[in-house]
Amino acid sequence: MSENLVIVESPAKGKTIQKYLGPGFEVLASYGHVRDLIPKEGAVDPENGYAMRYEIIDRNQKHVDAIARALKKADTLYLATDPDREGEAISWHLHELLQERGALKNKTVHRVVFHEITKRAVQEAIGNPRELAYDLVDAQQARRALDYLVGFNLSPLLWRKIKQGLSAGRVQSPALRLIVEREEEIERFVTQEYWTMTAHNEKDAQAFSARLHTLDANKLDQFDINNEAQATALRERLLQAAQGSLLVTKVEKKQRKRYPSPPFTTSTLQQEAVRKLRFSTQRAMRIAQQLYEGIDLGSGGTVGLITYMRTDSVSLANEAVTELRELIGQRYGSSKLPETPNFYKTKSKNAQEAHEAVRPTSALRTPESVKAFLSEEQFKLYDLIWKRTVACQMIFATFDTVAADLTATAGSFFRATGSTVRDPGFLSVYEEGLDDRENEKDNALPPLVEGERITLLDINADQHFTEPPPRYSEASLVKALEEFGIGRPSTYSSIISTLLSREYVELEMRRFTPTDIGRIVNRFLTEHFPQYVDYAFTANLEDQLDEISRGEKTWVPVMDAFWQPFHQLVDEKMGSVNRSDVLQSRELGVDPASGKPMSVRMGRFGPFVQIGSKDDEEKPVFASLRPGMKMDSITFEQALELFKLPRHLGENAEGKAISTNVGRFGPYVKYGSEYASLGKQDDPYTLTLERALELIAEKKQKDAEKLLRDFGDGLQVIKGRWGPFLKQGKINAKLPKDRDIDSLTLEECQALIAAATPAKPAKKTAAKKASADDTTPVAEAKPAAKKTPVKKAVAKTATTKKAAPKKPASKSSKTP
C-alpha cells in the first residue's frame, strides 16, 4: 500500500519523480487536462455568473478511474501538475472530479509545484506543500470562457457571411491581422532607386573600403544620388579630384561594450530555436517538454535536464548563479567572470507565476557529457539553452572601433569604419541570432595616421533599390506578439498552428503570407469588430487576466465588461451585414467573347473567376484560381487564361475523348466518363496528349492492381488501404473479417451492398429562410450565432455538470 499518491501531467515526468520519492509514494499521470467544456452552445452560461459545464475528456476517462482506484489505498494526495495556470486548473479539475465521487473523504490533499525535476526540487516541494491557488484557477477559467464565447459566437457568423469551417479567436484574429497588415504594407511599398559611392583603397598591401559620407560640406542623404547619370558624373569628378590618393583627415578610436542577452524565457527560446535550429515553435516546445520531464542518462538515472519551459521570468536561482560562476571560472578562466553576478529585469508583470528562466538544472551537466543520451534534436536544443545560460553570467564583449575620414577634395570625404574584438567575453560561448539583418561584420583597417595619404585604387558607383519590410517569420511573429501583448508565450505555438491549419496563412520560404480567405476574414473582422482585433484592446484584456491571477481583480466583472457589448454586436451584425458585401467580389473587366462582366470572388471551395451573373438567363461560367494566384492581384489577362479549360487533347485508341481540367480535388485528365489525376509536375494548361495517355495508362494499371474480383454490373472487390472491400458505384461495403475472397458469391455480395446502401432521408420541413440580402444556402448557414440559449442546453445534457472552483466560504465572492 502506498501512503502517498502523487499526480503529475505526463507519464515521462512521473517515472523521473517516482525514482526521487521512492517507497511510500505512487506517481500517476493525468495525461494533461482531465475534462473540458462540453463542445456545444451552453457550455458557458453568461446569465448565471458564467458558470461552466464540463465533461470528462473521453481519452482520459481511464486515467481518472485509475487515479480514483489508487487513491483508495492512499492517505494523502499530492497534486503536482505544472506550475502555471493550466497546471493549476488541471489539479483543480481533478480535485473536483474526485470530490464528486467521494474519493477525497478522509484524505489529505496538497498542491505542490516544482520548476525543475531534480531530486532536491521534488523533495523540497513535497516537504513544503500549499493549497490550490484559486486566483490562478479563476484566471484560467476566465481565459477559457472568453475564448469559448468568442469562438462559439463569432465563428458561426463567419460561416453565415463567408463560408463553412472558418473560425475566429480572441488572440488568433489579432495575430492574423499582423500578418495581413504586413502583406498590405509590402504591396503598397514603392521601390526607390539610390546609389552609393565606395572608395577602394590600399595601405601596406592591405585593401579596405570607405563609403562616401559628405559631399560639398553636406552629409549625404540616402536618396541624394538617385540615378545612374548622376552617379557616373560624381564618380568621375571624385576620381579626378583625388588623383589616385585620399588624405586621412581624422582618425577616431573608441572602445565599445556589448552585453550578453538574458537567459531564455518561453518567447526568446522559441525565437532562437526558429532562427538557429530551424525548428517550428511547436517543435521547440515539444522537445523542451522532453528535456524538462526527464532523460535517462544511463548510470546517472533519469533526470530533468532543464527547468520549466513556460515562463516569462529571466531571473535565476542563487544556487544556479553560484554553480554557473564556478563553471565559468573553471572552464573559461576567472577573467571571463564579472565582479558580481549579472542580474536581469523581467519585463512581464506576471512573471512570478514561474520563478525562473529556462535554464539547465545543472550547468555542470555540459552538452557534450549528455550528448550520447539525447536525440539529435534534444541535443541541439539543450546545447542552445546551456550556452545561453552560461553566457548570461559572463563578462561583456569588448570591441576596438576605428572611424577614419578620407578626404578627396575640400568638403568631400569618405568614411572608413572597422572594428576588432579586443576581448570576446560572452561571445566565446554564445551570440544571439537576428531576424532580418545580418550580424555585424568586422572590417579590419590598417593603421591610419592623420595627415598621411593612402592609395585610392578605384571608386565604385553601386545601384541599390529600397526594399519593403520583410514578411514575418515564426521568430519575428512571436517577437511581435510579445511586444503587442497578444496572447502569452505558452500560447504562441498554438496560435501559429491554428492560423496554418485554418489555411488563413501559408508558410513560404519560412515566411508567412496571408491566403485569400485569411484576407477576407481579417477584412471582415477589422471592419465590423475593430475593437476585438485591436492590439491595445487585446493586450489590455491579457493584463486583466494577469490581474485576476494575482488576486487584484475578480473574474466575473471582467467577463461582463467583455461579453455584454460583444454579443450585442454579434447579433447586430448577423442581421445587418450582407454576405455579398463581406466577400467583396472584384470586377476585372468584360469578357470579349460573351460581353458579360468578369469578376473574382470567394466561393465555397475557394476563390474563382466568374463570367456573367446569377441574374442572367444563361448560367454563369466559373474557373478556379490556379495555385499561387491571389484574388487581390489577379489581372484581367490572367483571368481570361483560366477559361481555356477544359482543353480537348484528342482521343485514345478506344475512341474516347480526352480532355484536361481543374476540379474540386485538383487538376485531372478525363477520358470518356473516367478520370486520372495529374502529377505534381503536370500543368493542365500545357499538358500534351502523349502525357495524358501516360497518366491514363498509369491509372488503369493501378486500378487493375486493386481489382481483386469483378462480378459485373459495377460490383467489384477492391484492394483498399485497410484491406479488401466491396464497391458498386458510390457505395462501399465492408467484408466479413477473414472472409476468403475467392469463395464469395454474387448473392452474398449483393446482400452486403444492400445493407450498406443508405436509406433515403425523410423530407424535412422548410428551413427558416435566410435574410433577403444573404445569398448563402440555408443548409450552409445553419450554425448561426444566437443569444446563447443556455438554460435549454443545460436541461438537455444530464451527464454534464456545472462546475466552478470550490473555495472556503471566506472566498466565495471569487467563485466562478
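All residue numbers refer to positions in the sequence shown, counting from 1.
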Between Ser313 and Glu356, is any side-chain donor less than 3.5 angstrom from a side-chain acceptor?
no

Verdict with reasoning, Thr81 to Ser91, per side-chain hydrogen bond (donor to acceptor under 3.5 Å, both in side chains) | CA-CA 6 Å; Thr81 49; Ser91 286; 2.5 Å; yes

Thr281 and Glu474: side chain donor to acceptor below 3.5 Å | yes

Practice task
Measure the shortest side-chain to side-chain distance between Phe264 and Glu272 over non-hydrogen atoms and say whether it is less than 4.5 angstrom.
Solution key: yes

Donor-acceptor under 3.5 Å (Thr389 side chain, Ile385 main chain): yes

- Aromatic Trp555 / basic Arg144 pairing, under 6.0 angstrom, 45° off normal: no

(Q) Walk me through whether Leu305 and Ile117 qualify under side-chain contact (heavy atoms from CB on, under 4.5 Å). (A) CA-CA 8 Å; Leu305 293 185; Ile117 303 179; over 6 Å; no

- Query: Parallel, tilted or perpendicular for Phe484 and Tyr535, by the 30°/60° rule?
  - Reply: tilted

Ser494 and Thr491: side chain donor to acceptor below 3.5 Å: no

Using a 3.5 Å distance criterion without hydrogens, assess whether the side chain of Lys19 forms a donor-acceptor pair with backbone atoms of Thr302.
yes

Quiz item: Within the side chain of Arg111, is there an N or O that forms a donor-acceptor pair under 3.5 Å with the backbone of Leu79?
Solution: yes

Original post:
Is there a donor-acceptor contact under 3.5 Å from the side chain of Thr311 to the main chain of Thr265?
Top reply: no

Between the side chains of Glu326 and Thr322, is a donor N or O closer than 3.5 angstrom to an acceptor N or O?
no

Notebook entry, point to check: Just by distance, do the side chain of Glu323 and the backbone of Ala363 share a donor-acceptor pair under 3.5 Å?
Noted result: yes

ask   = How far apart are the C-alpha atoms of Lys13 and Glu293, what are their side-chain angles, what is the distance that settles it, and do they pass the salt bridge (charged side-chain N to carboxylate O under 4.0 Å, His left out) test?
value = CA-CA 4 Å; Lys13 188 195 303 185; Glu293 291 180 346; 5.3 Å; no

Q) Do Asn60 side-chain atoms and Tyr31 backbone N/O form a donor-acceptor pair below 3.5 Å? A) yes

Any donor-acceptor pair under 3.5 Å linking the side-chain atoms of Glu9 with those of Ser30? no

When the ring centroid of Phe396 is compared with that of Phe426, is the distance short of 6.0 Å? no

message = For the residue pair Glu124 / Asn128, report whether a side-chain donor-acceptor contact shorter than 3.5 Å exists.
response = no

(message) Could you tell me if Arg182 sits above the aromatic ring of Tyr472, with its cationic atom closer than 6.0 Å to the ring centre and no more than 45 degrees from the axis?
(response) yes

For residues 369-384, the salt bridge (Lys or Arg N to Asp or Glu O under 4.0 Å) pairs (sequence neighbours left out) are Arg283-Glu377, Glu376-Lys380, Asp383-Lys387

Leu77 vs Thr108, side-chain contact (heavy atoms from CB on, under 4.5 Å): CA-CA, chis, key distance, verdict: CA-CA 6 Å; Leu77 173 66; Thr108 302; over 6 Å; no

All heavy atoms of Phe562 vs all of Leu146, minimum pair found to be CD2-CD2, 3.4 Å

Q. With distance as the sole criterion, is a donor-acceptor pair present between the side chains of Arg286 and Gln282 under 3.5 Å?
A. no

Taking the six-membered ring of Phe512, is the NZ or CZ of Arg471 close enough (under 6.0 Å from the centre) and on axis enough (within 45°)?
no

Tell me whether Asp546 is salt-bridged to Arg488, with the criterion being a basic N under 4.0 Å from an acidic carboxylate O. yes

Checklist entry - Can Gln172 and Arg177 be counted as having a side-chain donor-acceptor contact under 3.5 angstrom? => result no

For Asn342, the side-chain contact (heavy atoms from CB on, under 4.5 Å) test, sequence neighbours excluded, returns Pro260, Pro338, Tyr344, Gln393

Sequence neighbours excluded, the answer for side-chain contact (heavy atoms from CB on, under 4.5 Å) partners of Lys253 is Val251, Val402

Exercise. Check whether the side chains of Thr398 and Gln255 place a donor and an acceptor atom closer than 3.5 Å, and report yes or no.
Key: no

Any sub-3.5 Å donor-acceptor pair from Ser476's side-chain atoms to Ser473's backbone N or O? yes

Ionic contact status for Arg359 with Glu319, cut-off 4.0 Å: no

Could you go step by step and tell me if Arg143 and Asp138 meet the salt bridge (charged side-chain N to carboxylate O under 4.0 Å, His left out) rule? CA-CA 9 Å; Arg143 177 186 295 277; Asp138 283 354; over 6 Å; no

**Message:** I want to check something: taking the side chain as every heavy atom from C-beta on, are Val150 and Asp147 in contact at a cut-off of under 4.5 Å?
**Reply:** no

Within the 3.5 Å criterion, strictly below it, is a donor on Gln378 or Gln290 matched to an acceptor on the partner's side chain?
yes

Notebook entry, point to check: Does the pair Asp423/Arg258 count as a salt bridge with the N-to-O cut at 4.0 Å?
Noted result: no

Practice task
Tell me yes or no: between the side chains of Thr118 and Thr361, is some donor less than 3.5 Å from an acceptor?
Solution key: no

When His110, Glu3, Lys107 are each screened for side-chain contact (heavy atoms from CB on, under 4.5 Å) with Thr76, the one that passes is His110

